[in-house]
Undergrad: 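Right, I'll just put the structure down here and ask away after.
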There are 2 protein chains.
Amino acid sequence: MNELPPAGDFELLARGVRPRQNARLRLWLRLLSTTKLVMQEIRRRLRVEFDATLPQFDLLAQLYREPEGLRLGELSRRTMVTNGNITGLADRLEADGLIRRETLEADRRVTVARLTRKGRDAFMTMAKAHEGWIRELMADLNDDEIDVALARLASVKNSARSALGRIGE
Amino acid sequence: MNELPPAGDFELLARGVRPRQNARLRLWLRLLSTTKLVMQEIRRRLRVEFDATLPQFDLLAQLYREPEGLRLGELSRRTMVTNGNITGLADRLEADGLIRRETLEADRRVTVARLTRKGRDAFMTMAKAHEGWIRELMADLNDDEIDVALARLASVKNSARSALGRIGE
DNA sequence: TATTGTTATACTCTATAACTATA
DNA sequence: TATAGTTATAGAGTATAACAATA
């Protein structure tokens with residue numbers, strides 16, 4: 001198999017740039033390439049084995065955690081998919097019989113989506129397979145490495161959230 | 001700003017599953033949500049400020065590092081974009097005058113793409129802005145955290161590559 | 001008037017397979 | 001025959017804005 005080349009790091013080639021200043025950039029590029037590597041394989045398997053996409057899987061996962069269902073707006077926020085696109089995503093899943101949408105009588109503007117029994121079963125099957133794939137792809141990591149990585153990624157995420165919050169204000 | 005909910009971790013809800021076994025899965029879900037969070041912002045800014053996409057930026061970055069240019073096949077491998085889609089990506093960039101494709105006379109099956117002067121200038125501007133965005137989004141991290149994160153991500157990537165290599169064999 | 005969700009639109013990406021030309 | 005790249009096609013994701021129903 002071909003050895004993949006190192007990711008981006010293009011700025012390191014620029015004149016007079018000190019590596020220390022580019023650590024954040026390198027981190028981002030590595031985050032991106034690592035995620036893309038794993039994501040493409042997961043996407044491929046979801047498609048081949050379940051005819052599903054990652055955003056669909058994500059939406060189902062959110063609903064799986066909430067037996068009461070979720071408003072589409074909340075679903076939109078959790079999946080980071082815009083409101084307009086949640087509709088299309090939900091359309092496909094509803095057409096497949098995996099979710100059901102119902103108008104909330106207390107406030108008829110609100111629509112709540114929840115898993116059908118079929119959707120729950122389908123998701124559990126997918127989630128189990130998915131878990132196995134990840135175990136396979138992350139097989140070489142030991143527990144300590146995983147813990148450290150988890151903690152560092154939490155920091156990265158918090159930093160980004162905080163920066164985005166400052167922008168959104 | 002709204003506090004985002006924790007990512008997936010749906011299996012933790014399943015009965016009888018021990019957290020220790022799910023560390024890999026949690027790591028992947030966090031990797032995915034963290035990347036998505038940053039990626040959406042980067043994509044948005046690339047689009048708004050430069051009318052560019054991330055795959056386009058990535059392609060330009062690869063060429064920037066190779067003044068001699070790259071074969072489309074090599075470009076395909078480095079950007080993790082399939083051969084057929086590299087053509088369309090290159091079409092748009094060539095139409096914008098950012099890259100140029102030339103047939104290699106030594107082997108007329110081969111096409112080499114390289115940045116035009118305009119492409120080089122455009123990329124440098126974009127890369128500089130991009131670097132600033134990342135610095136902003138990663139502002140809360142200190143140097144040690146970054147180094148550790150870089151190292152752990154390298155492990156993750158190596159593990160995935162190694163697993164994919166086993167699959168590809 | 002503000003909010004929730006839908007519709008409409010446009011573009012890009014992603015994946016696969018068939019095809020052309022060159023070797 | 002094999003390789004490099006293109007073309008064709010289909011489907012989905014992504015983003016924006018306008019819109020309808022409801023509050």
Side-chain angles (χ1 to χ4, degrees), chain A residues 2 32 35-37 39-60 69-96 99-113, chain B residues 2 32 35-37 39-60 69-96 99-113:
Chain A
N2 270 313
L32 191 58
T35 302
K36 190 167 182 181
L37 187 66
M39 188 169 55
Q40 285 199 330
E41 181 66 12
I42 297 300
R43 255 200 322 236
R44 190 180 70 76
R45 297 194 190 189
L46 278 175
R47 184 170 28 77
V48 169
E49 301 201 15
F50 302 109
D51 195 29
T53 66
L54 209 44
Q56 287 166 10
F57 181 71
D58 189 19
L59 192 156
L60 294 177
L70 284 172
R71 299 158 159 240
L72 294 184
E74 178 61 19
L75 211 39
S76 166
R77 226 168 298 123
R78 296 199 189 186
T79 55
M80 300 191 232
V81 169
T82 59
N83 242 301
N85 291 328
I86 278 288
T87 298
L89 209 46
D91 284 347
R92 279 165 231 132
L93 293 170
E94 196 165 40
D96 289 342
I99 70 170
R100 188 172 47 238
R101 273 177 292 194
E102 275 167 14
T103 300
L104 191 69
E105 285 307 320
D107 181 344
R108 297 185 48 76
R109 291 173 305 182
V110 173
T111 303
V112 173
Chain B
N2 270 315
L32 191 57
T35 301
K36 190 168 182 181
L37 187 66
M39 189 169 54
Q40 285 200 331
E41 181 66 12
I42 297 299
R43 253 199 324 234
R44 191 181 69 75
R45 296 194 190 189
L46 278 175
R47 184 170 27 78
V48 169
E49 301 201 16
F50 302 109
D51 193 30
T53 66
L54 208 45
Q56 286 166 10
F57 181 70
D58 189 19
L59 193 155
L60 294 177
L70 284 172
R71 298 160 159 239
L72 294 184
E74 179 61 20
L75 211 39
S76 166
R77 227 168 298 124
R78 296 200 188 185
T79 55
M80 300 191 234
V81 170
T82 58
N83 242 301
N85 291 329
I86 278 288
T87 299
L89 210 45
D91 284 347
R92 281 165 230 132
L93 293 170
E94 195 165 40
D96 289 342
I99 71 171
R100 189 174 46 236
R101 274 178 291 196
E102 275 167 13
T103 300
L104 191 68
E105 286 307 321
D107 181 345
R108 297 186 47 77
R109 291 173 305 181
V110 174
T111 302
V112 173

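Letters A, B, ... mirror the listed sequences (proteins, then strands); counts begin at 1.
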Undergrad: Could you report the tightest heavy-atom contact between B/Asn83 and B/Ser76, atom names first, then the distance?
TA: N-OG, 3.5 Å
Undergrad: State which residues pass side-chain contact (heavy atoms from CB on, under 4.5 Å) with A/Arg44; sequence neighbours excluded, sorted by chain then number.
TA: A/Glu41, A/Arg47, A/Val48
Undergrad: Looking at A/Gln40 and A/Leu37, would you say the former's side chain and the latter's main chain have a donor-acceptor pair under 3.5 Å?
TA: no
Undergrad: Atom CG of A/Asp91 to atom C1' of D/dT14: distance rounded to whole Å?
TA: 16 Å
Undergrad: Tell me whether B/Glu74 contacts the main-chain N or O of B/Arg71 through its side chain, where contact means a donor paired with an acceptor under 3.5 Å.
TA: no
Undergrad: Would you give me the side-chain donor-acceptor pairs under 3.5 Å for residues 86-95 of chain B, sequence neighbours excluded?
TA:
| from | atom 1 | to | atom 2 | distance (Å) |
| --- | --- | --- | --- | --- |
| B/Asp91 | OD1 | B/Arg101 | NH1 | 3.3 |
| B/Asp91 | OD1 | B/Arg101 | NH2 | 2.6 |
| B/Glu94 | OE1 | B/Arg101 | NE | 3.0 |
| B/Glu94 | OE1 | B/Arg101 | NH2 | 2.7 |
| B/Glu94 | OE2 | B/Arg101 | N | 2.9 |

Undergrad: side-chain contact (heavy atoms from CB on, under 4.5 Å) with B/Asn85: which residues, sequence neighbours excluded?
TA: B/Val81, B/Thr82
Undergrad: Quick one: is B/Arg71 getting a side-chain N or O under 4.0 Å of the D/dT3 phosphate, OP1 or OP2?
TA: no
Undergrad: Do any N or O atoms of the protein come closer than 3.5 Å to N or O atoms of nucleotides 16-20 of chain D, and which pairs are they?
TA:
none

Undergrad: May I have the distance from A/Arg108 (atom CZ) to D/dA21 (atom P), rounded to whole angstrom?
TA: 12 Å
Undergrad: What's the verdict on side chain to side chain contact (heavy atoms under 4.5 Å, CB included) for B/Leu70 and B/Val112, showing C-alpha distance, side-chain angles and the deciding distance?
TA: CA-CA 5 Å; B/Leu70 284 172; B/Val112 173; 5.9 Å; no
Undergrad: On DNA chain C, compare the nucleotides closest to A/Asp107 and B/Glu105; which residue's is nearer the 5' end?
TA: A/Asp107
Undergrad: Given atom CZ of A/Arg109 and atom P of D/dT22, what is their separation to the nearest angstrom?
TA: 11 Å
Undergrad: Reckon A/Ile86 touches a base, only the sugar-phosphate, or nothing at all at heavy-atom distances under 4.0 Å?
TA: nothing
Undergrad: Need to verify one output field. Residue with the more 5' nearest nucleotide on DNA chain D, A/Val81 or A/Ala106?
TA: A/Val81
Undergrad: Hey, does the side chain of A/Thr79 reach the backbone of A/Leu75 with a donor-acceptor pair shorter than 3.5 angstrom?
TA: yes
Undergrad: With each end axis built from five pairs of C1' atoms, what bend angle do you get for the helix from C/dT1-D/dA23 to C/dA23-D/dT1? Round to 10°.
TA: 10°
Undergrad: Taking side chain as C-beta onward, heavy atoms only, is B/Leu54 less than 4.5 Å from B/Met39?
TA: yes
Undergrad: Under 4.0 Å from any heavy atom of chain B: name the first and the last nucleotide of DNA chain C that qualifies, 5' to 3'.
TA: C/dT12 to C/dA23
Undergrad: Do A/Thr35 and B/Leu32 have side chains that get closer than 4.5 Å, going by heavy atoms?
TA: yes
Undergrad: Report which part of the nucleic acid B/Thr87 touches: base, sugar-phosphate, or nothing (heavy-atom distance under 4.0 Å, all strands).
TA: base
Undergrad: Is there side-chain contact between A/Leu60 and A/Ile99, with at least one heavy-atom pair below 4.5 Å?
TA: yes
